[in-house]
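One structure is given here, and the rest of the page talks about it.
Within every chain, numbering begins at 1; the chains are lettered A, B, ... in the order of the sequence lines, protein sequences first and strands thereafter.
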There are 2 protein chains.
Amino acid sequence: MRKRRPTIIDVADRAGVSKSTAARALAGGENILPETRGRVLTAAQAVGYEPNHLAVGMRSGRSGMLGLVIPDIANPFWAEVARGAQDRAAEVGVSLLVFSSDWDPQKEENHLRALRRARVDGAIVNPVSDTLDDLDRFGLPFVLIGSSAERFADVSSVGSNITQAVTLGLDHLVAKGHQAPVLIVGPKSRLARTRFLNAVNRHCIERDVDPAPLLIVDGEYTLEGGREAMLQVLDRPHFGHVCVFAANDMMAIGAMLAVRERGLSCPEDVSILGFDGIPSGAFTFPGLTTIAKPGRDIGARAVESLFDEIEGRPEHGRVYMPCRLIDRGSLADLSREPRQMVG
Amino acid sequence: MRKRRPTIIDVADRAGVSKSTAARALAGGENILPETRGRVLTAAQAVGYEPNHLAVGMRSGRSGMLGLVIPDIANPFWAEVARGAQDRAAEVGVSLLVFSSDWDPQKEENHLRALRRARVDGAIVNPVSDTLDDLDRFGLPFVLIGSSAERFADVSSVGSNITQAVTLGLDHLVAKGHQAPVLIVGPKSRLARTRFLNAVNRHCIERDVDPAPLLIVDGEYTLEGGREAMLQVLDRPHFGHVCVFAANDMMAIGAMLAVRERGLSCPEDVSILGFDGIPSGAFTFPGLTTIAKPGRDIGARAVESLFDEIEGRPEHGRVYMPCRLIDRGSLADLSREPRQMVG
DNA sequence: GTGAAAGCGCTAACAT
DNA sequence: ATGTTAGCGCTTTCAC
């Protein structure tokens with residue numbers, strides 16, 4: 001039999017005061033004799049008192065918990081988001097309930113319900129379903145995370161700055177002497193694809209380049225999708241060095257495997273630039289040069305936005321966090337060699 | 001202004017019954033007229049009633065929440081553990097608070113305290129500190145996870161079956177025509193190293209092989225550690241095919257990079273077997289053949305053991321989950337070729 | 001079969 | 001400055 005946890009009454013009794021005095025002392029507020037407060041603190045220490053968050057939440061209407069619903073906790077990017085959110089939440093003394101929806105709208109809905117029952121003070125969600133049905137009925141302050149947030153107006157959201165990321169990547173390619181990269185992108189149905197291509201177009205126009213001749217190849221956002229797309233590229237007639245910008249690190253790594261499969265080598269024959277910044281990119285050979293999304297910062301920022309939402313402060317609106325380039329070696333440096341072409 | 005969440009009283013009023021009747025109906029218990037119960041259920045549906053877990057927890061003394069403290073949520077293995085625990089917990093209708101200690105004992109202690117304050121019903125912990133100081137004062141049912149559990153007696157724990165895993169790996173090596181693999185293991189200070197080597201010795205004895213001549217190389221449990229260890233091996237005089245069994249996938253991948261660095265190739269010149277089953281192992285070239293720890297099962301099983309612990313049922317004691325081999329191509333098949341030796 | 005009432009641990013309004 | 005009291009939402013006796 002486990003013995004009862006000490007309550008504030010135990011503390012009060014031991015200090016020889018009433019429970020409200022004990023509460024005041026513990027809260028560190030005013031109207032308390034320093035000597036009394038000392039006695040209470042000592043008593044609390046002595047009995048090993050820990051405030052009961054359930055009871056506090058009940059009185060205050062604040063559970064001190066936040067929810068985070070992401071599509072896949074085993075995906076390194078989302079794990080980073082979770083860690084960032086976790087740390088930020090811990091700093092302000094609240095707990096984070098992390099749920100992985102595994103891309104299943106049903107599971108997502110269940111998790112949202114669980115959060116509501118747990119009386120979390122708010123939630124951060126990357127919605128997998130295309131409708132906000134669950135969410136507008138959610139009845140809780142919430143913040144959206146990731147690119148899907150674009151679909152919904154009037155909702156605070158935090159994501160990465162695709163425009164800046166693409167600029168970073170394309171400028172780097174140019175600096176290394178590459179031009180007109182082949183774009184390996186996701187399937188037409190995905191919003192992320194559109195955003196990526198839009199960013200590329202915008203950048204080209206800004207740099208006075210015609211985006212039209214850019215070769216665009218579709219694929220699933222997976223290793224296999226990247227592999228197949230790359231094989232397609234390599235099997236087209238072409239000469240010279242091939243440069244590829246993949247919209248996703250998994251595809252980039254798949255592309256790298258395809259290059260090797262065709263007896264070519266990276267970066268000698270083919271240069272590859274990825275996008276995401278997953279740790280696996282460091283384990284390929286050569287290491288994958290990529291644009292890293294700031295997963296941790298996104299998570300941390302989402303918690304901050306959520307707090308503003310909870311406190312009823314003016315909304316942040318959409319926040320886009322800057323990405324950074326990780327140079328690892330999958331890009332050839334052609335800047336001092338004669339120009340090459342992709343055909 | 002967000003409007004008040006409906007309580008059981010709202011439901012009772014709408015159904016025209018008292019709150020205790022409403023509670024009974026919702027609980028699905030006995031002593032209730034089917035017709036009344038129907039009315040209550042309808043009313044609950046209509047007002048969008050969601051039980052308040054804080055209040056329930058307060059009355060029942062059960063918060064309906066469990067804690068999970070792991071060293072690194074961004075590590076794929078631990079993420080799998082978290083997912084397994086998460087899923088299992090969701091199945092029985094409890095929430096899981098996941099905390100990442102980032103290998104920091106201080107952070108771990110803070111998380112443990114947060115769990116206690118949140119009044120979780122129990123916790124699953126992979127302790128980073130060598131002492132159980134925090135834990136025996138923890139004052140909550142808990143289950144240990146991972147190999148560090150070995151240090152503590154009288155505590156339920158769940159981990160992977162190293163003995164079975166090593167047997168699996170070594171038998172596979174033999175089947176592929178390899179013998180006397182070089183062992184790349186962790187630093188002497190780590191308990192996991194001892195367990196791994198013990199398992200190898202035990203297996204050799206069982207198969208009537210002398211384990212003494214096995215070459216053992218130390219390194220940190222990291223990519224770099226594996227790389228350095230492998231370079232050491234390759235720089236020793238040797239001939240023929242080299243076979244390596246790394247105690248950890250990160251080291252195995254590091255070893256693979258080292259092989260390429262020396263102008264050799266895997267699996268033609270060097271065969272590599274890993275241990276862990278991290279997803280990155282699929283992205284190397286060749287893919288890493290490895291023994292996968294059942295992270296998800298471990299998480300799920302830990303939740304079950306924790307429940308037993310909470311319910312006061314007879315303890316499980318130590319549970320070791322079986323591992324499985326993932327064959328990807330980093331091992332040469334020498335079984336039909338003449339014998340090779342490692343010197 | 002149903003309702004009234006107590007109480008879980010805490011905070012805040014009110015009284016002293 | 002400190003004590004008393006009510007009540008957050010729920011479950012669980014105990015009456016009827």
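In this structure, B:K19 atom NZ and D:dC8 atom P are separated by 9 Å, rounded to whole Å. Atom pair B:M58:CE and C:dG9:P shows a separation of 7 Å (rounding to whole Å applied). Rounding to whole angstrom units, CD1 of residue B:I8 and P of D:dC8 are separated by 14 Å. One interatomic measurement links the two molecules: CG of B:L54 to C1' of C:dT11, which rounds to 14 Å at whole-angstrom precision. Computed from coordinates, the B:I32 CD1 to C:dG3 P distance equals 9 Å when rounded to whole Å. We find that CG of A:N52 is positioned 18 Å from P of D:dC8, with the value rounded to whole Å. A:R62 has its CZ atom 12 Å from the P atom of C:dA12, to the nearest Å. B:L26 has its CG atom 18 Å from the P atom of C:dG1, to the nearest Å.
Both A:E50 and B:R24 lie close to DNA chain C; mapped to their nearest nucleotides by heavy-atom distance, the more 5′-ward contact belongs to B:R24. When each of A:A55 and B:N31 is assigned the nucleotide of DNA chain C bearing its nearest heavy atom, the one mapping closer to the 5' terminus is B:N31. Between A:A22 and B:I9, the residue anchored closer to the 5' end of DNA chain D is A:A22, taking for each the nucleotide with the nearest heavy atom.
Between A:T36 and D:dT2, a side-chain N or O to OP1/OP2 separation shorter than 4.0 Å is present.
Each of A:L115, A:V98, A:N126 was evaluated against A:V69; a single residue qualifies, A:L115, per the side-chain contact (heavy atoms from CB on, under 4.5 Å) test. Between B:V158 and the options B:V81, B:I298, B:I124, a side-chain contact (heavy atoms from CB on, under 4.5 Å) holds for only B:I298.
The main-chain N or O of B:E108 is never found under 3.5 Å from a side-chain atom of B:S101 such that the two would form a donor-acceptor pair. Under the 3.5 Å distance criterion, the side-chain polar atoms of B:D121 are matched with a main-chain donor or acceptor of B:S63.
Residue A:R119 places no side-chain atom within donor-acceptor reach of the base of D:dG9, judged by atom type and a 3.5 Å distance cut-off alone. Within 3.5 Å, a donor on the side chain of A:S20 pairs with an acceptor on the base of D:dT4, or the reverse. The base of C:dG9 does not come close enough to the side chain of B:R59 for any donor and acceptor atom to sit less than 3.5 Å apart.
Taking the side chain of B:T7 as heavy atoms from C-beta on, and the options D:dC10, C:dG9, D:dG3, the nearest nucleotide is D:dC10. Here the side chain of A:S18 is nearest to one of C:dG1, D:dG3, C:dC10, namely D:dG3.
Comparing the local axis fitted to the first five base pairs of the helix from C:dG1-D:dC16 to C:dT16-D:dA1 with the one fitted to its last five gives a bend of 50°, rounded to 10°.
Taking the charged nitrogens against the carboxylate oxygens, B:R88 and B:E304 do have a contact shorter than 4.0 Å, which makes a salt bridge.
Of all heavy-atom pairs between B:P6 and B:G48, the closest is CG-O, 3.4 Å.
The distance from atom CD1 of B:I310 to atom CZ of B:F142, rounded to the nearest 0.5 Å, is 12.5 Å.
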